[in-house]
**Q** 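Pasting a structure here, questions to come.
Side-chain atoms are counted along with the backbone in the values below, which use heavy atoms only and exclude waters and symmetry mates.
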2 protein chains.
Amino acid sequence: MLTLKQDHSELVVLSVLAIGPSYGYAISKAIATQSDGYFKLLPSAMYPLLTKLEKNGLVTTSWEEVKAAGADPDSTGRRRKWYTLSPKGHKQLARRIELHRQTQSIIDGFVAQAPENQLASG
Amino acid sequence: MLTLKQDHSELVVLSVLAIGPSYGYAISKAIATQSDGYFKLLPSAMYPLLTKLEKNGLVTTSWEEVKAAGADPDSTGRRRKWYTLSPKGHKQLARRIELHRQTQSIIDGFVAQAPENQLASG
DNA sequence: AAGAATATATCGAGGTTCGATATATCCAAA
DNA sequence: TTTGGATATATCGAACCTCGATATATTCTT
């Protein structure tokens with residue numbers, strides 16, 4: 001179970017939101033599920049990140065009151081904060097994907113020359 | 001000019017040291033040169049990192065006194081701290097390369113499904 | 001003689017992540 | 001019906017990381 005660091009967190013969260021709007025808990029579950037439990041994004045890292053995305057205008061948010069079928073009509077119900085990728089967010093994601101590719105390619109160059117690299121010829 | 005974050009810094013520095021012993025300034029130059037100026041590892045990030053590698057037993061160190069040809073025989077000369085990858089460091093590098101590959105593969109999975117992904121079919 | 005390059009290192013400020021904790025609702029099983 | 005697990009958002013202090021600036025000193029080039 002690997003913890004995602006900021007750069008990767010942002011890339012992955014933006015990628016998840018690119019499919020469609022979602023909310024914190026669902027994003028966190030999506031990351032755990034789609035990575036077969038390999039990645040986790042803890043609430044203590046996720047919420048500050050989502051807040052930052054909102055502050056930077058990469059996502060817009062709205063609250064949903066999820067009331068159960070037989071719930072007390074006066075109860076507040078469960079609150080869900082939806083995050084929607086903004087046009088700025090879409091552009092940012094495209095930029096980050098490109099950056100990610102370049103970064104990968106160069107890091108792979110360093111790794112490739114290491115004798116520890118199982119895929120290296122020497 | 002991208003700044004390397006801790007995980008990547010460690011992977012890249014270990015990869016550089018896997019070729020052979022080196023010292024701080026040379027490592028920093030190697031990273032800048034081999035990445036065509038794309039990556040930088042600032043002294044303020046590099047020296048704490050190298051110290052940590054030493055503390056964790058991944059590298060061993062030794063000082064070299066580099067005296068110039070016509071230098072004052074009593075001068076201390078320029079000091080160079082050499083870093084050599086230890087057996088533990090070699091194992092750690094192999095583990096990190098494997099981890100890096102897995103991480104890449106999963107992140108690519110998330111990125112691949114984003115409509116922003118230029119390489120995606122949709 | 002001046003300045004660029006070589007070389008190592010620390011400092012405080014600011015940012016990030018962790019584990020723990022807090023709060024509250026909903027659902028399923030005993 | 002009550003207990004517990006899952007759903008759901010959020011903050012706190014401690015620990016850690018990185019930045020830009022700064023410090024110090026040597027060596028090479030012009």
Side-chain angles (χ1 to χ4, degrees), chain A residues 1-13 16 21-33 37 39-56 59 61-83, chain B residues 1-13 16 21-33 37 39-56 59 61-83:
Chain A
M1 189 73 121
L2 262 195
T3 294
L4 284 173
K5 299 299 175 182
Q6 195 195 17
D7 280 6
H8 286 162
S9 298
E10 231 174 286
L11 179 61
V12 166
V13 167
V16 168
S22 189
Y23 54 94
Y25 192 80
I27 294 172
S28 144
K29 287 292 156 192
I31 290 174
T33 303
F39 289 151
K40 65 176 168 186
L41 184 54
L42 299 171
S44 46
M46 182 180 57
Y47 289 108
L49 168 61
L50 288 173
T51 301
K52 204 188 74 175
L53 293 179
E54 188 181 4
K55 203 174 293 179
N56 293 347
V59 296
T61 62
S62 62
W63 284 96
E64 180 194 8
E65 305 293 331
V66 184
K67 223 171 269 190
D72 174 7
D74 294 339
S75 77
T76 52
R78 186 182 286 160
R79 299 159 76 243
R80 221 176 246 168
K81 192 173 184 180
W82 287 86
Y83 294 84
Chain B
M1 188 72 122
L2 263 196
T3 295
L4 284 173
K5 300 298 175 183
Q6 195 196 15
D7 279 7
H8 286 163
S9 297
E10 233 173 284
L11 179 61
V12 166
V13 166
V16 167
S22 190
Y23 54 94
Y25 192 81
I27 293 172
S28 145
K29 286 293 156 193
I31 290 174
T33 303
F39 289 151
K40 65 176 167 185
L41 183 54
L42 299 170
S44 46
M46 182 180 56
Y47 289 109
L49 168 61
L50 289 173
T51 300
K52 205 188 74 173
L53 294 180
E54 188 182 3
K55 203 175 293 179
N56 293 348
V59 296
T61 62
S62 61
W63 284 97
E64 180 194 8
E65 305 295 329
V66 185
K67 223 170 273 192
D72 174 7
D74 294 338
S75 77
T76 52
R78 185 181 286 158
R79 299 158 75 245
R80 222 177 245 167
K81 193 174 183 180
W82 287 86
Y83 294 83

**Q** Under the side chain to side chain contact (heavy atoms under 4.5 Å, CB included) test, which residues partner A:Lys52, sequence neighbours left out?
**A**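 Result, side chain to side chain contact (heavy atoms under 4.5 Å, CB included) vs A:Lys52: A:Gln6, A:Glu10, A:Asn56.
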**Q** Nearest-Å distance, CD1 (A:Ile27) to C1' (D:dT9)?
**A**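 So the two atoms are 12 Å apart, to the nearest Å.
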**Q** Please report the shortest heavy-atom distance between A:Pro43 and A:Pro48, naming the atom on each side.
**A**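 Minimum heavy-atom contact is O-CD, 3.8 Å.
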**Q** What residues, two or more places apart in sequence or in another chain, satisfy side chain to side chain contact (heavy atoms under 4.5 Å, CB included) together with A:Lys40?
**A**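 Expected list: A:Met1, A:Thr3, A:Leu42.
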**Q** Please test B:Lys5 against A:Lys5 for side chain to side chain contact (heavy atoms under 4.5 Å, CB included), starting from the C-alpha separation and ending with a verdict.
**A** CA-CA 9 Å; B:Lys5 300 298 175 183; A:Lys5 299 299 175 182; over 6 Å; no
**Q** Using whole Å, what does the distance between atom P of nucleotide C:dA7 and atom CE of B:Met46 come to?
**A**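 Distance, rounded to whole Å: 11 Å.
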**Q** In the 5'-to-3' direction, what one-character label does each nucleotide of nucleotides 10-17 of chain C receive under the scheme B = base within less than 4.0 Å of a protein heavy atom, S = sugar-phosphate only, - = no such atom?
**A** B-----SS
**Q** Distance-only check: which donor-acceptor pairs under 3.5 Å involve side-chain atoms of residues 22-33 of chain A, not counting sequence neighbours?
**A**
unit_1: A:Tyr23; atom_1: OH; unit_2: A:Arg80; atom_2: NE; d: 3.4
unit_1: A:Thr33; atom_1: OG1; unit_2: A:Lys29; atom_2: O; d: 2.8

**Q** Are the side chains of A:Arg79 and A:Glu64 in touch, meaning some heavy atoms are under 4.5 Å apart?
**A**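 No. Closest side-chain heavy atoms not under 4.5 Å.
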**Q** Below 3.5 Å is the cut-off: list the nitrogen or oxygen pairs between protein and nucleotides 5-7 of chain D, distance only.
**A**
unit_1: D:dT7; atom_1: OP2; unit_2: A:Tyr25; atom_2: OH; d: 2.6
unit_1: D:dT7; atom_1: O5'; unit_2: A:Tyr25; atom_2: OH; d: 3.4
unit_1: D:dT7; atom_1: O3'; unit_2: A:Arg78; atom_2: NH1; d: 3.1
unit_1: D:dT7; atom_1: O2; unit_2: A:Arg78; atom_2: NE; d: 3.3
unit_1: D:dT7; atom_1: O2; unit_2: A:Arg78; atom_2: NH2; d: 3.4

**Q** Measure NZ/B:Lys81 against C1'/D:dT26 and give the value in whole Å, please.
**A**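 Nearest whole value for this atom pair: 19 Å.
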**Q** The criterion is side chain to side chain contact (heavy atoms under 4.5 Å, CB included); which residues satisfy it with A:Pro21, sequence neighbours excluded?
**A**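 Testing A:Pro21 for side chain to side chain contact (heavy atoms under 4.5 Å, CB included), a comparison that skips the adjacent residues, returns A:Trp82, A:Thr84.
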**Q** Would you mind reading off the distance between B:Arg79 atom CZ and C:dA9 atom P, rounded to a whole angstrom?
**A**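 Going from CZ in B:Arg79 over to P in C:dA9 covers 7 Å.
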**Q** Within this structure, what is the CG-CD distance for the pair A:Leu50 and A:Glu54, rounded to the nearest 0.5 Å?
**A**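 A:Leu50 atom CG to A:Glu54 atom CD measures 8.5 Å (nearest 0.5 Å).
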**Q** Give the intermediate values and the outcome of side chain to side chain contact (heavy atoms under 4.5 Å, CB included) for residues A:Tyr83 and A:Leu53.
**A** CA-CA 9 Å; A:Tyr83 294 84; A:Leu53 293 179; over 6 Å; no
**Q** Expressed in angstrom and rounded to an integer, what is the separation of A:Tyr83 atom OH from D:dA8 atom C1'?
**A**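 Checked: the OH to C1' distance equals 11 Å.
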**Q** For B:Glu65 and C:dA7, give me the distance from atom CD to atom P, rounded to whole Å.
**A**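 One finds 13 Å between P of C:dA7 and CD of B:Glu65, rounded.
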**Q** Would you mind reading off the distance between A:Glu64 atom CD and D:dA8 atom C1', rounded to a whole angstrom?
**A**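 It is 12 Å, rounded to the nearest whole Å.
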**Q** Quick one: label A:Trp63 by what it contacts on the DNA or RNA (base, sugar-phosphate, nothing), any heavy atom closer than 4.0 Å.
**A**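 Sugar-phosphate, no base atom in range.
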